[in-house]
Every structure is written in C-alpha cells, then in structure tokens.
K.L.:
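Input: one structure, supplied below.
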Amino acid sequence: MKIATWNVNSIRTRLDQVSDWLQSSGVDVLCLQETKVVDADFPRSRFEDLNYHLVISGQKAYNGVAIVSRQPLQSVSRGFAPVVGDAIADDLDDQKRVITGIIGGIRIVNLYVPNGSSIGSDKYQYKLRWLLVLRQYLQMLLDADEFKDVEKAPPKILVCGDFNIALEDIDIYKAKGRETHIMSSDAERQALRDILELGFADVFRKFTDEGGHFSWWDYRAGSFPRNHGWRIDHHYLTPALYERAVDCCIDVAPRKLTKPSDHAPVVVEV
DNA sequence: ATGGCAGTTCCTAACTGA
C-alpha cells in the first residue's frame with residue numbers, strides 16, 4: 001500500500017494538480033493538509049468521480065485536513081477530543097488539524113502541526129502545547145482496544161503530515177542559526193522527540209542517510225531552484241510497519257509546476 | 001539585516017504561513 005502526505009496550500013487552488021498527481025502517482029491513500037476550506041465547499045465530487053473515498057475536516061481560510069483513499073476508512077475521528085477527551089483537548093480542536101481512520105489494518109493519523117510563527121510568540125506556545133496533547137493522543141491510540149483484539153497483534157500506526165519541524169540539521173539547507181529559527185528550535189525538536197519515543201520512527205531515514213532532501217521550499221528568494229529547503233513533512237511508523245516498509249521518497253515533480261504548493265508530497269510504501 | 005511569495009477574507013490591506 002502506498003500512502004502519501006502533501007500540504008497542498010488550498011485544495012481549491014490546487015485541485016487540478018492534486019487530482020492529476022493522485023492518478024499519476026498511483027497512491028492508495030493521500031493525506032492532505034492546509035485544505036483551507038469549510039467542509040460544505042470541499043470539492044468532493046472531483047475525487048468521488050475518480051472513485052476515491054474522502055474524509056475531511058476543514059475550516060474557513062486556514063488549516064484543514066483530509067484523507068483521500070481507494071478503499072473507505074473505518075473508525076474515523078476528527079480532532080483530539082474523541083480520543084483524549086474534552087478536558088485535555090481544551091480549545092485545540094477549534095483549529096482543524098487532526099483526522100484519522102483505519103485502512104488495510106493500518107491506523108493512519110493525518111496531522112497539520114501548528115507553524116508557531118516565531119520563537120516565544122503566542123503561536124509558539126500554542127505549538128508546544130499542541131505537541132504535548134498530540135503525545136497524549138498518540139499514547140491513547142497505541143493503547144487502544146483495536147490493537148488488542150487479534151492475539152495481541154502489535155499496533156500498526158502511521159502518523160504523517162506537515163510537522164513544521166526539522167528534527168536534524170541535515171534536514172535544513174543551512175543549519176546555521178537554526179536555534180533561533182521557527183521549526184528548528186531545541187524546544188520544538190525535543191517536543192517531537194518526546195512523541196517519537198512512544199515508539200515511532202522516521203521511515204524516510206530507513207532508506208536515505210544523507211542530507212539535501214527537502215519537502216518544503218519558501219516561495220520567496222528563489223528557494224526551490226537553489227534547493228534551499230527544509231524536510232518538515234514526515235511519515236512516522238510503529239515498528240511493525242517500519243520493518244515492512246519498502247520505500248519512502250519525496251516527489252519534487254509537483255513543486256516544479258506553475259503555481260505549485262510550497263510543499264512536495266512524501267510517499268511511503270508499506 | 002531585510003525582504004522576497006502565495007492564499008484567504010472582514011477582499012485592493014491585513015493576516016498567516018514557514
């Protein structure tokens with residue numbers, strides 16, 4: 001099964017590119033972020049006409065996530081609250097950044113992690129608070145009954161999306177000054193490491209050791225032709241899935257098109 | 001050091017993004 005994550009920076013603006021790539025890439029599941037549209041206005045028919053299933057959680061202008069899949073998803077939930085409860089979710093579900101469902105025995109979690117704006121800002125504090133709740137959310141998914149039915153089968157969870165965090169210096173075109181830059185500060189990295197310690201691994205690094213591979217390039221200053229990018233879109237897998245993964249790569253082709261998203265899709269095959 | 005580009009709405013200015 002091929003699963004992709006792609007921040008499309010508005011599904012309506014990118015609809016032709018997304019539907020073209022969906023077909024040409026041959027992925028079975030496509031996790032979208034920054035759809036930037038309320039559910040009532042999501043261009044569902046484009047995907048349904050191509051015989052894909054769709055689950056969405058959007059809002060006006062900002063954020064928004066969706067999962068497009070060949071087979072229907074089971075056990076779908078939106079936001080943190082259905083898993084961690086209203087008290088822990090607090091106000092974090094006001095922004096639509098989390099959607100999950102099960103397909104082919106794999107729980108797929110599609111995330112749009114807050115950007116954080118700049119270090120020390122209110123949005124930065126929100127990002128760190130959001131990541132703390134994400135850790136609780138994933139802990140509860142790991143402990144969920146759905147993985148205890150079949151002879152204690154190990155959990156098969158794939159957590160993907162736009163994390164807005166580059167975990168290693170080789171994930172940034174220029175690491176100098178990264179401590180004071182959003183997406184690479186120590187606190188953000190530690191928050192993500194604390195999550196991965198629950199039992200998730202970066203499957204891209206199963207296949208690629210060197211730097212210079214990025215998933216996001218700023219629209220400005222000719223960043224893409226200079227390959228001044230960041231690797232901030234990730235697939236994190238539990239061991240049972242990580243072991244069986246056969247490929248993970250970033251498809252830069254859509255980033256070369258006219259009026260592209262600033263992110264490229266990342267595909268994993270398990 | 002700064003700004004640069006793109007998408008959206010409270011739409012021709014201000015915001016958010018990363």
Side-chain angles (χ1 to χ4, degrees), chain A residues 5-19 31-43 56-66 91-92 94-98 110-131 134 160-189 191-192 211-234 250 252 254-266:
Chain A
T5 178
W6 193 7
N7 178 323
V8 293
N9 188 15
S10 170
I11 186 60
R12 288 178 293 183
T13 295
R14 226 67 64 197
L15 186 54
D16 288 343
Q17 291 185 18
V18 172
S19 62
C31 295
L32 302 171
Q33 303 90 35
E34 279 211 273
T35 52
K36 294 188 172 181
V37 65
V38 294
D39 293 354
D41 293 336
F42 193 101
I56 60 183
S57 180
Q59 66 183 87
K60 186 166 63 176
Y62 303 115
N63 311 315
V65 286
D91 63 339
L92 295 180
D94 293 349
Q95 300 183 13
K96 305 308 180 190
R97 300 177 175 277
V98 179
N110 177 20
L111 303 174
Y112 177 44
V113 177
N115 166 279
S117 188
S118 59
I119 294 174
S121 66
D122 289 349
K123 290 188 173 68
Y124 184 73
Q125 296 306 325
Y126 182 93
K127 181 178 194 174
L128 295 177
R129 183 161 67 94
W130 196 94
L131 289 166
L134 175 62
C160 70
D162 176 1
F163 283 76
N164 275 317
I165 297 173
L167 206 45
E168 308 291 340
D169 287 354
I170 59 170
D171 297 325
I172 313 173
Y173 76 96
K174 186 183 72 175
K176 183 172 170 12
R178 66 93 189 154
E179 297 92 340
T180 57
H181 196 292
I182 195 66
M183 302 191 293
S184 55
S185 69
D186 289 337
E188 291 167 85
R189 286 182 169 183
L192 181 49
H213 297 273
F214 308 123
S215 65
W216 173 81
W217 301 259
D218 199 307
Y219 284 122
R220 300 166 293 186
S223 296
F224 183 67
R226 298 174 188 206
N227 199 28
H228 285 184
W230 294 59
R231 195 173 71 89
I232 56 175
D233 300 88
H234 306 293
I250 302 167
V252 299
R255 188 64 179 78
K256 300 176 179 175
L257 300 172
T258 303
K259 287 185 75 74
S261 167
D262 43 355
H263 294 253
V266 185

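All values below come from the heavy atoms of this structure, side chains included, with hydrogens, waters and symmetry mates left out.
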K.L.:
When the distance from CD1 of I165(A) to C1' of dA18(B) is rounded to whole Å, what number comes out?
P.N.:
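In whole Å, dA18(B) C1' lies 12 Å from I165(A) CD1.
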
K.L.:
What closest approach, in Å, do S184(A) and R178(A) show between heavy atoms, and which atom pair accounts for it?
P.N.:
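What the structure gives for the nearest pair is OG-O, 2.7 Å.
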
K.L.:
Give the rounded distance in Å between these two atoms: CH2 of W230(A) and P of dA18(B).
P.N.:
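Atom-to-atom, W230(A) to dA18(B), this comes out as 12 Å.
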
K.L.:
For N164(A) and dT16(B), what is the distance between atoms CG and C1' respectively, to the nearest whole Å?
P.N.:
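After rounding, the gap between these two atoms is 12 Å.
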
K.L.:
Using the P atom in both, what is the distance from dT12(B) to dA1(B), to the nearest Å?
P.N.:
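Per the computed distance, 35 Å lies between those P atoms.
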
K.L.:
Examine the side chains of N115(A) and K127(A) and answer whether a donor and an acceptor come within less than 3.5 Å of each other.
P.N.:
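No - no donor-acceptor pair under 3.5 Å links their side chains.
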
K.L.:
Considering only the C1' atoms, how many Å lie between dG3(B) and dT9(B), rounded to the nearest integer?
P.N.:
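The same atom, C1', in both gives a distance of 24 Å.
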
K.L.:
Has R255(A) got a side-chain atom pairing as donor or acceptor with P265(A)'s backbone, closer than 3.5 angstrom?
P.N.:
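No.
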
K.L.:
For dA18(B) and dA6(B), measure between their C1' atoms and round to the nearest Å.
P.N.:
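Those two atoms are separated by 12 Å.
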
K.L.:
Report the residues that fulfil ring pair (Phe, Tyr, Trp, His ring centres under 6.0 Å) with F163(A), sequence neighbours left out, ordered by chain and then residue number.
P.N.:
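Per chain and number, F163(A) pairs via ring pair (Phe, Tyr, Trp, His ring centres under 6.0 Å) with H234(A), Y236(A).
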
K.L.:
Could you tell me whether D233(A) contacts a base, only the sugar-phosphate backbone, or nothing, with contacts defined as non-hydrogen atoms closer than 4.0 Å?
P.N.:
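D233(A): no heavy atom of the nucleic acid under 4.0 Å.
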
K.L.:
Tell me: CZ of R97(A) to C1' of dG17(B), nearest whole Å?
P.N.:
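Atom-to-atom, R97(A) to dG17(B), this comes out as 10 Å.
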
K.L.:
Quick one: label H228(A) by what it contacts on the DNA or RNA (base, sugar-phosphate, nothing), any heavy atom closer than 4.0 Å.
P.N.:
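Nothing, no nucleic acid heavy atom in range.
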
K.L.:
Would you say the side-chain atoms of W217(A) and N227(A) include a donor-acceptor pair closer than 3.5 Å?
P.N.:
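Yes - a donor-acceptor pair under 3.5 Å links their side chains.
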
K.L.:
Where does the angle between the aromatic ring planes of W216(A) and W230(A) fall among parallel (under 30°), tilted (30 to 60°) and perpendicular (over 60°)?
P.N.:
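Perpendicular.
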
K.L.:
May I ask you to evaluate whether H263(A) reaches the phosphate of dA18(B), defined as a side-chain N or O under 4.0 Å from OP1 or OP2?
P.N.:
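So the side-chain polar atoms of H263(A) do come within 4.0 Å of the phosphate oxygens OP1 or OP2 of dA18(B), strictly under.
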
K.L.:
Say you pick atom P in dT16(B) and the same atom in dC11(B); how far apart are they, in whole Å?
P.N.:
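One P to the other, the span is 16 Å.
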
K.L.:
Whole-Å distance between dT16(B) P and D162(A) CG?
P.N.:
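For the pair D162(A) CG and dT16(B) P, the rounded distance is 17 Å.
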
K.L.:
How does protein reach along nucleotides 1-10 of chain B, written 5' to 3' as B (base within reach of a heavy atom under 4.0 Å), S (only sugar-phosphate), or - (no contact)?
P.N.:
---BBSSSSS

K.L.:
Specify the separation, in whole Å, of atom CH2 of W216(A) and atom P of dG17(B).
P.N.:
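Nearest whole value for this atom pair: 13 Å.
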
K.L.:
If I pick the C1' atom on dT8(B) and the same atom on dT2(B), what distance separates them, to the nearest angstrom?
P.N.:
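One C1' to the other, the span is 25 Å.
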
K.L.:
Between atom CD in E188(A) and atom P in dG17(B), what is the gap in whole Å?
P.N.:
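Computing the E188(A):CD to dG17(B):P distance gives 13 Å.
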
K.L.:
Need one value for F163(A): base, sugar-phosphate or nothing, where a base atom within 4.0 Å counts as base even if backbone is also close, heavy atoms only.
P.N.:
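Contact class for F163(A): none.
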
K.L.:
Give the C-alpha distance, both sets of side-chain angles, the deciding distance and a yes or no for side-chain contact (heavy atoms from CB on, under 4.5 Å) between W130(A) and L111(A).
P.N.:
CA-CA 11 Å; W130(A) 196 94; L111(A) 303 174; 4.2 Å; yes

K.L.:
Calculate the interatomic distance between K127(A) atom NZ and dG17(B) atom P; express it in whole Å.
P.N.:
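Whole-Å distance recorded here is 10 Å.
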
